[in-house]
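Every chain is numbered from 1 and lettered A, B, ... according to where its sequence line falls, protein lines coming before strand lines. The figures that follow rest on heavy atoms only: side chains count, while hydrogens, waters and symmetry mates do not.
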Amino acid sequence: MKNLLKSRELWLGLGIIAIIFGVTFRAPSFATFGNLADIFNNTSMLIILALGQMVVILTRSIDLSMASNLALSGMIVALINAAYPEFPIPLLMIIATLCGLVMGALNGILVWKLNIPAIVVTLGTLTIFRGTIFLIAGGQWVNASELSDTFIQMTRHHALGLPLLSWFAIFIAMVFFIFMTRSAMGRNLYAIGVNPTASIYAGIDVGKVKFISFCMSGLVSGFCGFLWVSRYVIGSVEVANGYELTIIAACVIGGISIAGGVGSVVGTILGALFLGIINSALPVINISPFWQMAISGGAIILAVILNARGARSKGRLILRQKEADS
Amino acid sequence: MTDTSPKNTETRIVPDRLDSPLKAALYSWPSLLLLVAIGIFILNSFASPYFLSPWALSDATFNFTEKAVIALAMALLIISGEIDISVSGIIAISSTMMGVALQFGADTPTLVAVGMLTGLVCGGFNGILVTGLGLPSIVVTIGTMSLFRGISFIILGDQVYKGYPSSFAFFGQGYVYWVISFEFVLFLALAGLYYVLLHKTTFGRRIFAIGNNPIAAQFSGVRVNRIKFMLFCLTGIMAGIAAVLLTSRLGSTRPSIARGWELEVITMVVLGGVNILGGSGSIQGVVIAAFIMGLVTFGLGLLNVPGIVMSIIIGALLIGVIALPTLLNMARNRMQK
C-alpha cells in the first residue's frame, strides 16, 4: 500500500518534470530557476488552499465554501486597511485568519451538531459568505489606490531569493506534513475517512474531528484571503469566484480519494503544481489560453481514473455517509 | 450517567392507528414548502404594488424555469445516489454546438435537435465514466464541467454566436396564450411527466431502491448501472433543453453562458426535500422549491435588493429548511426529558 502511494506521487512528479522538459524543448527559457520560482509563487495560494481542502476530504466531507470564505476574509482586511492605513499589517493577517477560522467553525458546527451533509452546508455558506461581501462593502470595490503600500508590498518582499508568498506556502506545507504524519489528530483524520464506524469504536469523536477539519480549511482560507488581497491588490465580490472547484481539482489530481481516507500532503502539493505548470506552460508554447479549462478538466478526469485503478477494491458511493453520522 | 448507549434503550411507541394519508400529506415536506411559498407570495404582494400584475408574474417565471427543467432530472439522479455538477458545462457546449450548426445554415428544428443531442451525448459521457468505470460522480462531473465548458471556450474563444433565426426565438421568448410563456408551459408539462415517471412507474420505484441500498437493489434484480446511466443521459437531455431555452431567450451564445448554475440547480433540488445522500424525495417538492426561489428572487428584485443579497437568503433558506427537522427533534427530545 505504501509503495503504491509512493509510486502514485512519483508518477505525478515525473509527469510534471516531463511537461517542464517538453515545454523547455519549445521555449528554452521555461526551465530557468527564475521562471520556475515564478510559477511556484503563482501556485502558492492554490497549494495552501488545497492542503486545507485535503484535510476535509480525508474525512469524507467536502468544503465548497473556501473561495467565498477567502473573498470575505480578504474584503474585511481590505476595508480595514483602506480605512486605517496605519493599522499594523501582521494584525491584519491575524484578523483575516481568525475571520476564516470563524467561518470554518460555522461550517463545522452545522456538520457536527446538526448532522447536515457537508456538501449541503458548504453549498449554503458559499452563497451566504459571498453575499455578505456585498453587504459589508456596500457593493464597492477596494482597489490599488485605497490599499496601503506596506500591505501591497507584503507578499512581494524577497527573502533568500524567493518572495515571501512562496515562503508562506513552504512553511504551511511543512506544518501540514508534520501534522498529518506525526500527530494523533492527523492519524484520526485518516482513520475516520477509512472507516468511520471503526473509528467510533476506537474512541475517536467523529463529529468533533470533522469540526476540526472544517476549522482548518477555514483557517487557511482566511489566511489566503489576506494573501490574495496583497498579491492581486483588489477586494471585490468577484474575488476567487468559482475557485472552489479548482481547489478540489488540485486535490483530486494529487491523488486524494473523494471517498475519504486516501491522500498525502506531497500528492496534494504536486496536484496544485501540476495545474500551475499547465496554466503557465500553455502561453509559452503558443496554445491559446482558452484551452486551459478543457485541459484541466481532462486532467481531472484522467486523475480520477488513475486513482480508481489504484483503489478499485474500495469503490463506494461518494455521497453516502449515513453510517458515519450515526 | 452509566448508560452509554441511549439509542438502544430508547422506547418507541407504536401507534394503534396509522396516520391517515391526508394527515401524512399535510405534515409532509412539500406542504411545509407550500406554506413558505404562499407566505413569500403574500409578503411580496404587500411589499410591492407591482408584484400582482400578470405580466410581472409572467416575467418572474423566466427567472427559474430553465434551472427548474434541469432540477427535475437532477432530482432523480440525486435520489439514485449520484450527482451531476457538469450541467452548466453541458449548457455551454450545447449552446456552442447550436451556434456552430447555425454557421452551417441550420434551420430551427435542426438547432433544437443539435442542442438536445449534444446534451444527450455529454450526459452519456458522464454516465459511461460513472457506471462503466465505477468512478465517483461528484469528481467526474467536476472534471467534465471544466471539459465541456473548456471545449466551448476552445471553439468560441472571446467570440459570440448570434443571429439566430426569428422562429428560434419562440422557445425562450414566445407566449402560448396571453401571459403564459412557452417556457412555463414546457416546464409544467415536464414536471407532470417526471411526477408520473418517479412516483407512478416501476422505473421510479427502482430509482428509490437504488438510492436506499444499491447492493440490495442489485441483488433484487434491478439493473443499477443501466438505470444510473439512463439518469445521466436524462439529465444531459434536460440540460440540452435548458440550453435551447436559454440560447433562444438571450439570442446569443458566449462560452461563459449559465456559469454557476450547477449550484443553484442543486440548491433547488435539496430545498425541494430530496435527500442529498439519496433514497428519498419528491417531484412536488422540487417544483415548489423552484417557485420559492423564483418568487424570492423576483420579489426582492422589485424591492431593489441586488441579486447577490438574494443569494444570502437562498443560502440561509437551504441550510435553514434542512436544519429545521433536526432542530425540532432536538427540542422535542429536550422537552421529553
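Under the 6.0 Å distance and 45° angle rule, B:Lys67 counts as a cation-pi partner of B:Trp261.
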Practice prompt. Would you please test B:Asn126 and B:Thr141 for side-chain hydrogen bond (donor to acceptor under 3.5 Å, both in side chains) and show each step?
Written response: CA-CA 7 Å; B:Asn126 283 333; B:Thr141 52; over 6 Å; no
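Contact annotation for A:Leu114: both backbone and side-chain heavy atoms come within less than 4.5 Å of a heavy atom of chain B. There is no contact between A:Ile295 and chain B, counting heavy-atom distances below 4.5 Å. Heavy atoms of B:Leu129 lying under 4.5 Å from chain A belong exclusively to its side chain.
Heavy-atom pairs under 4.5 Å with chain A peak, among B:Val140, B:Asp158, B:Leu327, at B:Asp158. Of the listed residues B:Gly315, B:Gly320, B:Ser152, the one with more heavy-atom pairs under 4.5 angstrom with chain A than any other is B:Gly315. Comparing B:Thr144, B:Ile155, B:Val270, B:Leu147 by heavy-atom pairs within less than 4.5 Å of chain A, the highest count is held by B:Leu147.
With no hydrogens or angles considered, a side-chain donor-acceptor pair links A:Asn69 and A:Ser73 at under 3.5 Å.
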What side-chain donor-acceptor pairs closer than 3.5 Å can you find for residues 120-131 of chain A, not counting sequence neighbours?
| unit_1 | atom_1 | unit_2 | atom_2 | d |
| --- | --- | --- | --- | --- |
| A:Thr122 | OG1 | A:Leu64 | N | 3.2 |
| A:Thr122 | OG1 | A:Ala118 | O | 2.8 |
| A:Thr125 | OG1 | A:Asn107 | OD1 | 2.9 |
| A:Thr125 | OG1 | A:Val121 | O | 3.2 |
| A:Thr125 | OG1 | A:Thr122 | O | 3.4 |
| A:Thr127 | OG1 | A:Gly124 | O | 2.9 |
| A:Thr127 | OG1 | B:Ser311 | O | 3.3 |
| A:Arg130 | NH1 | A:Val237 | O | 2.6 |
| A:Arg130 | NH1 | A:Val239 | O | 2.9 |
| A:Arg130 | NH2 | A:Val239 | O | 3.1 |
| A:Arg130 | NH2 | A:Ala240 | O | 3.3 |

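Screening residues 241-259 of chain A for side-chain hydrogen bond (donor to acceptor under 3.5 Å, both in side chains), with sequence neighbours left out, gives A:Glu238-A:Asn241.
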